[in-house]
Structure formats: C-alpha cells, structure tokens
Amino acid sequence: YLEEGKTIPDSELVAHCKQSLPEYMVPTCYVALEAYPVTNSMKVDRARLPVPQAPVAAEAAPPIGPVEERIARIWCEVFNVKSVDRKMSFYATGGNSLIAMT
C-alpha cells in the first residue's frame, strides 16, 4: 500500500524490493491510497484496507501435459481462481509456505 502523492512506477518498486528481499517476499501488486485508514488509537486499520488485485498476465500459456494439468487444477482450488497460467509464479499468485502444506 502506498499513500497518494508518493507515486513510484511499479517497475522501480519491484527492482528496489528485489535488491533486499527474497523473491517470494517481493510484492506482486501495489495499491495507492489517499491515506491509510486508522483506528481510534491511530494504528493502521487493516480491516478497512482494500483487497489488492492480482496483476493480469499479458499472454496466457495453458498447462501442457497431464502433470501440469493436474497441478493447474490444484492451484485453481488453492487460490480459488478459474484458471492458472504455466508461467505463473506460486509466490506471485499469493502462495506461501503455509498454503503449500495444505
């Protein structure tokens, strides 16, 4: 989440994050806000933050072969989406080590 007035191109944010974070921790999308919603105690009210929208892939690459098709079905169930792309990153799609164990 970024407050408006602090516009930085997504590509620069990603490049900056990749310098010091492991790949799975680099955010896949950024949300600009006029201001952070806060509680009465002036803490960030996480319940009022908008849900980030995952970026849309420019070019679809469907799964190839029975193994990839099986994995794609599992990912669709885990991420609650209609389809997945073979170029999608597990972490960029919202995956983490806890989801991988389920």
Side-chain angles (χ1 to χ4, degrees):
Y1 296 98
L2 301 168
E3 285 189 82
E4 283 190 19
K6 300 178 182 176
T7 16
I8 302 169
D10 286 357
S11 58
E12 286 184 33
L13 288 170
V14 170
H16 177 74
C17 289
K18 284 185 175 182
Q19 290 176 355
S20 57
L21 296 172
E23 180 68 30
Y24 69 91
M25 293 182 75
V26 175
T28 56
C29 60
Y30 302 89
V31 178
L33 303 171
E34 286 184 31
Y36 286 99
V38 293
T39 63
N40 290 338
S41 61
M42 299 306 293
K43 294 181 180 179
V44 174
D45 188 348
R46 293 181 183 196
R48 291 180 35 216
L49 287 171
V51 176
Q53 299 298 315
V56 178
E59 186 178 310
I64 299 173
V67 173
E68 284 188 10
E69 288 171 2
R70 166 84 188 198
I71 293 170
R73 283 194 301 274
I74 293 169
W75 279 30
C76 287
E77 289 177 29
V78 170
F79 295 118
N80 196 28
V81 294
K82 292 180 182 178
S83 65
V84 293
D85 189 297
R86 69 189 310 255
K87 295 180 181 178
M88 292 172 83
S89 162
F90 177 78
Y91 294 110
T93 307
N96 59 49
S97 58
L98 296 177
I99 290 175
M101 298 301 291
T102 58

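For this chain, numbers begin at 1 and follow the sequence in order.
Cluster membership for Ile74 and Phe79, using ILVMFWY side-chain heavy atoms within less than 4.5 angstrom, is shared. Note on Leu49: it does not cluster hydrophobically with Val38, by side-chain heavy-atom contacts below 4.5 Å among ILVMFWY residues.
In terms of the side chain to side chain donor-acceptor pair (under 3.5 Å) criterion, residue partners of Ser41 (sequence neighbours excluded) are, by chain and number, Thr39. A search for side-chain contact (heavy atoms from CB on, under 4.5 Å) contacts involving Pro27 returns Cys17, Tyr30, not counting sequence neighbours. For Glu23, the side-chain contact (heavy atoms from CB on, under 4.5 Å) test picks out Lys18, with sequence neighbours left out.
Residue pairs that meet the salt bridge (charged side-chain N to carboxylate O under 4.0 Å, His left out) test with at least one member in residues 37-47, sequence neighbours left out, are Asp45-Arg48. Pairs of residues two or more places apart, or lying in two chains, that qualify as side chain to side chain donor-acceptor pair (under 3.5 Å) and include a residue from residues 65-82 are Glu68-Arg86.
The minimum heavy-atom distance between Pro63 and Val84, with the atom names listed, is CD-O, 4.2 Å.
In the hydrophobic clustering, Ile64 connects to no other residue, as no ILVMFWY side-chain heavy atoms lie under 4.5 Å from its own.
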